[in-house]
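Keep in mind that what you see is a predicted model, and the values were worked out from it rather than measured. Order of listing sets the numbers, starting from 1, for every ligand and every atom in it.
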Amino acid sequence: MTGQMKRDIIILTDPGQDQAAAILMILGAADAFNVKGIVATAGNIDLSFTVNNCLKLLELAERTDIPVYAGSPRPIVRELVTAEHVHGPTGLDGVELREPKTQPAPESGVAFIIDTIRQADAGEITICSLSPLTNLALALVQAPDIAPKIGGIVAMAGAYFEVGNITPTAEFNVYVDPEAADIVLNSGIPITFLPLDVTHQMLSTPERLDTMRAVENHCGPALADMLTYSERFDLNKYGWEGAPLHGPCVPAFMLEPDIFSGRQINVSVERHGQLTLGMTVADWWQITDRPKNVFYVRNGDAERYYQLLLDCLRRLP
Ligand code: RIB
């Protein structure tokens, strides 16, 4: 990780244990990422919990210098769909993190995105999206001038070959706010998707969780406890040797893109289907002449991925 130019990023997140892993990975890679702020999204659980969870994680990692902003309390059009059945009632069940002493910043998450992009040089800031895309989409609608200034979007979003997780056809982050995903996909901003097609290759096996738990600080064991809680649902559902670890694929791609492989293709989102609402239709074989708007990651090296995650975790308090 050393020697890379430090990347200014904005994190969009609705933690969720797997996203806690992503946030801690980013904080551990402090030589590679300059976090301008975190925008809490309504998603896995209600906004009040996701704001609180962001504050808790920053206190756990002793990085309360990073501001947290509250995003929209619901998707752009639809009612909020949450995932307590996976993440528990607080979204970070599995470990007892003390109630935060810090508060979110007073500015709204959408205004923060707009103001930060406007004040930055063109291309300077990358959006790291771990959550539904509601707040980025709202920022793009309210301030279309920011689109050409955003350096890129790297998002855990979508599914095609692995099909859906919240419905038979849709991945959760896109399903929660398909209208937001559509706005982002048509923004003209360079986009990379880390979909279920690759995150399902990144399995937190017992050996990998044991190694995480053995990290000699408090972030590593705490994360192992969180993931041990959230893995129950996926182990029961999929019967795999470990639960897929979605969120850290975003920072991992930015840190070591050669861990992954993919293709520049069109990705469009279904917004009207009775059975396919929120489905990301990936034109992998380039059958249509739709614009190739997404670098769609399909494969990754799990051993290198977990080694990178652990290297980052070991740098934390
Ligand atoms: O579909 C997987 C993603 O949706 C994960 O990031 C999980 O936290 C949920 O947000």
> Just say parallel, tilted or perpendicular for the rings of Phe260 and Phe253, cut-offs at 30° and 60°.
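Rings of Phe260 and Phe253: tilted, as their planes differ by 30° to 60°.
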> Considering the heavy atoms of Leu130, write down every atom of ligand 1 situated less than 4.0 Å from one of them.
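Reading through ligand 1 atom by atom, the close ones are 6 (O).
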> Ile127 and Leu255: same hydrophobic cluster, using ILVMFWY side-chain contacts below 4.5 Å?
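Cluster IDs for Ile127 and Leu255 differ.
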> Where does Val86 meet ligand 1, judged by heavy-atom distances below 4.0 Å: at the side chain, the backbone, both, or neither?
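Neither part.
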> Just to confirm my output: which protein heavy-atom neighbour is closest to atom 9 (C) of ligand 1, and how far is it?
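Going by distance alone, atom 9 (C) of ligand 1 is nearest to Asn44 OD1, 3.3 Å.
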> Just checking, any donor-acceptor pair under 3.5 angstrom between side chains of Thr228 and Arg213?
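The criterion, which ignores hydrogens and geometry beyond distance, is satisfied for Arg213 and Thr228.
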> So, regarding His246 and ligand 1 (criterion: nitrogen or oxygen to nitrogen or oxygen, under 3.5 Å), is there a contact or not?
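Checking ligand 1 against His246, no N or O pair falls under 3.5 Å apart.
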> Distance under 4.0 Å to a non-hydrogen atom of Glu171: what atoms of ligand 1 satisfy this?
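Reading through ligand 1 atom by atom, the close ones are 1 (O), 2 (C), 3 (C), 4 (O).
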> Within ligand 1, which atoms have a heavy atom of His87 less than 4.0 Å away?
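Those of ligand 1 that fall under 4.0 Å from His87 are 7 (C), 8 (O).
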> Establish, from distance only, whether the side-chain atoms of Thr90 and Asp93 form a donor-acceptor pair under 3.5 Å.
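Their side chains do contain a donor-acceptor pair, which is all the 3.5 Å distance test asks for.
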> Show your working on side-chain hydrogen bond (donor to acceptor under 3.5 Å, both in side chains) between Asp18 and His246 and close with a plain yes or no.
CA-CA 6 Å; Asp18 72 292; His246 309 286; 5.4 Å; no
> Is it the side chain, the backbone, both or neither of Gln17 that has a heavy atom closer than 4.0 Å to ligand 1?
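Neither part.
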> Cation-pi between Arg208 and Tyr306: NZ/CZ under 6.0 Å from ring centre and within 45° of the ring axis?
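Yes, Arg208 lies over the aromatic ring of Tyr306.
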> Of the protein's non-hydrogen atoms, which lies at the shortest distance from atom 5 (C) of ligand 1, and what is that distance?
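Going atom by atom, the protein heavy atom closest to atom 5 (C) of ligand 1 ends up being Asp18 OD2, 3.4 Å.
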